[in-house]
Amino acid sequence: MLLEVKNLSISYDTATILNDVSISVDSGELVSLVGPNGAGKSTFIRTITGLVRWERETLKGTRYGDITIEGSVEFNGERIDNLPAHDIVKKGLIHCPERRRPFTEMSVFDNLMAGAYLVKDKKQVQDTLDEVYNIFPVLKERGTQVSGTLSGGEQQMLAIGRSLMVKPLLLCIDEPSTGLAPQVKQLVFDKIQEIQATGMTILLVEQDVNMTFAMADRNYILSHGKIITQGTSEELMKDETVRQSYLGL
């Protein structure tokens, strides 16, 4: 098992965001975590990649209150829930954030190079850059363009490309379809499938159930901070209660 999260619970002061969440991802899989806005999906991704722990240390003693983290996260056979975020990146667990978050004043090329800041082997950086350009030719075409002037779809491709520059073992992609037109959304999802076809393991957090289920190996449904059920797309789509109550179908 590449990723195994057991009994993860997160509380911000008195508000419980995640409650006893357990998820696993095996090498080569594309696993989805779906659910409505406010279900806790982004908090889950931010926790396993070390950002909530960083937030807890940063906000400790401030007016924002305490953050409580319970449960365990094992990645590639090693417990990582007590590691800082930059060490988790070094292990190969990479977070592609919601709403793209490019360095807006930097060029496309410089954004990609920022993704490789931990990689010391220059040949590996160039080889990976060539791979990213092969998947996303538009990023090579826009190399000198300031990233803040890209379209939403191009910024999403840049965010994924930047995440790939560190050669992840597991790529966590948070809400890649947010704010995208249907045609652009389809293109981005096609690219995610193309990346998985190279052997990349992916944990995909999304609201668009139809598009996600069409390509995921397994799915978890998160609602009000709890895993309601899990299974293959076919299994979950056959469950009428799940379809109506949690998927809105």
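None of the values given here were measured: they were computed from a predicted structure.
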Applying the 4.5 Å side-chain criterion to the ILVMFWY set and letting contacts propagate, would Ile202 and Val31 be lumped into a single cluster?
-> no
Salt bridge or not for Asp174 and Lys41, using N-O below 4.0 Å?
-> no
Where do Glu206 and Ser177 come nearest, in terms of heavy atoms and distance?
-> OE2-OG, 2.7 Å
For Tyr133, does the OH atom have more than 12 heavy-atom neighbours from other residues, nucleotides or ligands under 6.0 Å away?
-> yes
Scanning both residues in full, the closest heavy-atom pair of Ser32 with Thr212 reads CB-CG2, 3.2 Å
Heavy-atom pair of closest approach, residues Met165 and Val125 = CE-O, 3.7 Å
To the nearest 0.5 Å, tell me how far Ile45 CD1 sits from Glu98 CD.
-> 11.0 Å
Check the pair Gln156, Cys96 against side-chain contact (heavy atoms from CB on, under 4.5 Å), reporting the backbone distance first and the verdict last.
-> CA-CA 9 Å; Gln156 185 60 64; Cys96 182; 4.1 Å; yes
So do Met211 and Val188 actually touch side chain to side chain, heavy atoms under 4.5 Å?
-> no
For the pair Leu222 and Val21, evaluate side-chain contact (heavy atoms from CB on, under 4.5 Å) and give the outcome as yes or no after the intermediate values.
-> CA-CA 9 Å; Leu222 187 69; Val21 172; 4.0 Å; yes
Sequence-distant partners of Asp121, side-chain hydrogen bond (donor to acceptor under 3.5 Å, both in side chains), two or more places apart = none
salt_bridge(Lys238, Glu234) N-O dist < 4.0 Å = yes
Listed by chain and number, what are the side-chain hydrogen bond (donor to acceptor under 3.5 Å, both in side chains) partners of Lys167, not counting sequence neighbours?
-> Glu131
Provide the closest heavy-atom pair for Asn7 versus Ser22 in the form atom of the first, atom of the second, distance.
-> N-OG, 2.9 Å
Considering only heavy atoms from C-beta outward, does the side chain of Val89 approach that of Leu118 to under 4.5 Å?
-> yes
Rounded to the nearest 0.5 Å, what separation is found between the CD1 atom of Ile94 and the CE atom of Met200?
-> 9.5 Å
Side-chain touch Phe136/Leu158, heavy atoms, less than 4.5 angstrom | no
Glu194 vs Thr198 side-chain heavy atoms within contact, under 4.5 Å | no
For the pair Asn219 and Glu235, evaluate side chain to side chain donor-acceptor pair (under 3.5 Å) and give the outcome as yes or no after the intermediate values.
-> CA-CA 10 Å; Asn219 310 277; Glu235 291 167 345; over 6 Å; no
Compare all side-chain heavy atoms of Asp81 with those of Ile69 and state whether any distance is below 4.5 angstrom.
-> no
Heavy atoms, side chains only, cut-off 4.5 Å: are Val5 and Phe44 in contact?
-> yes
Cluster question for you: counting only ILVMFWY and a side-chain heavy-atom cut-off of under 4.5 Å, with indirect links fine, are Leu8 and Ile80 together?
-> yes
So, Ser9 side chain and Asp20 main chain: donor-acceptor pair closer than 3.5 Å or not?
-> yes
Rounded distance (nearest 0.5 Å) linking atom CG of Leu180 with atom CZ of Phe189 = 9.0 Å
Decide, yes or no, whether a salt bridge links Asp239 with Arg243 under the criterion of side-chain N to carboxylate O below 4.0 Å.
-> no
Output for pair (Thr58 OG1, Arg53 CZ), nearest 0.5 Å, gives 10.5 Å
How long is the span from the OG1 atom in Thr47 to the CD1 atom in Ile10, to the nearest 0.5 Å?
-> 4.0 Å
Got a second to check how far Ser147's OG is from Arg142's CZ, nearest 0.5 Å?
-> 12.5 Å
Side chains of Leu171 and Leu204: does their closest heavy-atom pair fall under 4.5 Å?
-> no
Side-chain cluster (under 4.5 Å, hydrophobic types only) that Leu51 belongs to, other residues | none
Side-chain heavy atoms under 4.5 angstrom apart, residues restricted to Ile, Leu, Val, Met, Phe, Trp, Tyr: same cluster for Val138 and Ile195?
-> yes
Verify, without hydrogens or angle tests, whether Asn111 (side chain) and Ser107 (backbone) share a donor-acceptor contact under 3.5 angstrom.
-> yes
Could you tell me whether the side chains of Gln207 and Asn37 share a donor-acceptor contact shorter than 3.5 Å?
-> yes
May I ask you to check whether over 12 heavy atoms, not counting those of Lys226, lie within 6.0 Å of atom NZ?
-> no
With no hydrogens and no angle check, do the side chains of Gln155 and Ser151 hold a donor and an acceptor under 3.5 Å apart?
-> no
Report whether Leu30 and Leu93 are members of the same hydrophobic cluster (ILVMFWY, side-chain heavy atoms less than 4.5 Å apart, transitive linking).
-> no
Are Met106 and Met113 co-members of a hydrophobic cluster defined by side-chain heavy atoms under 4.5 Å apart?
-> no
Check the pair Phe213, Thr232 against side-chain contact (heavy atoms from CB on, under 4.5 Å), reporting the backbone distance first and the verdict last.
-> CA-CA 8 Å; Phe213 277 19; Thr232 65; over 6 Å; no
Does Val132 reach the side chain of Leu139, with side-chain heavy atoms less than 4.5 Å apart?
-> yes
Which pair of heavy atoms, one from Ser11 and one from Thr16, lies closest together, and at what distance?
-> OG-OG1, 3.4 Å
Note: Ile88 and Ile48 closest approach over all heavy atoms is CD1-O, 3.9 Å
How far apart are the C-alpha atoms of Thr201 and Glu29, what are their side-chain angles, what is the distance that settles it, and do they pass the side chain to side chain donor-acceptor pair (under 3.5 Å) test?
-> CA-CA 5 Å; Thr201 307; Glu29 283 191 305; over 6 Å; no
Using the six-membered ring of Phe103, assess whether NZ or CZ of Arg162 lies under 6.0 Å from its centre and within 45 degrees of the ring axis.
-> yes
Answer yes or no: is there a donor N or O on one side and an acceptor on the other, between the side chain of Tyr220 and the main chain of Ser24, under 3.5 Å?
-> yes
Got more than 12 heavy atoms from elsewhere within 6.0 Å of CD, Glu57?
-> yes
Begin with the C-alpha distance, continue with both residues' side-chain angles, and end with the deciding distance and a verdict on side-chain contact (heavy atoms from CB on, under 4.5 Å) for Glu154 and Val108.
-> CA-CA 10 Å; Glu154 290 167 345; Val108 169; over 6 Å; no
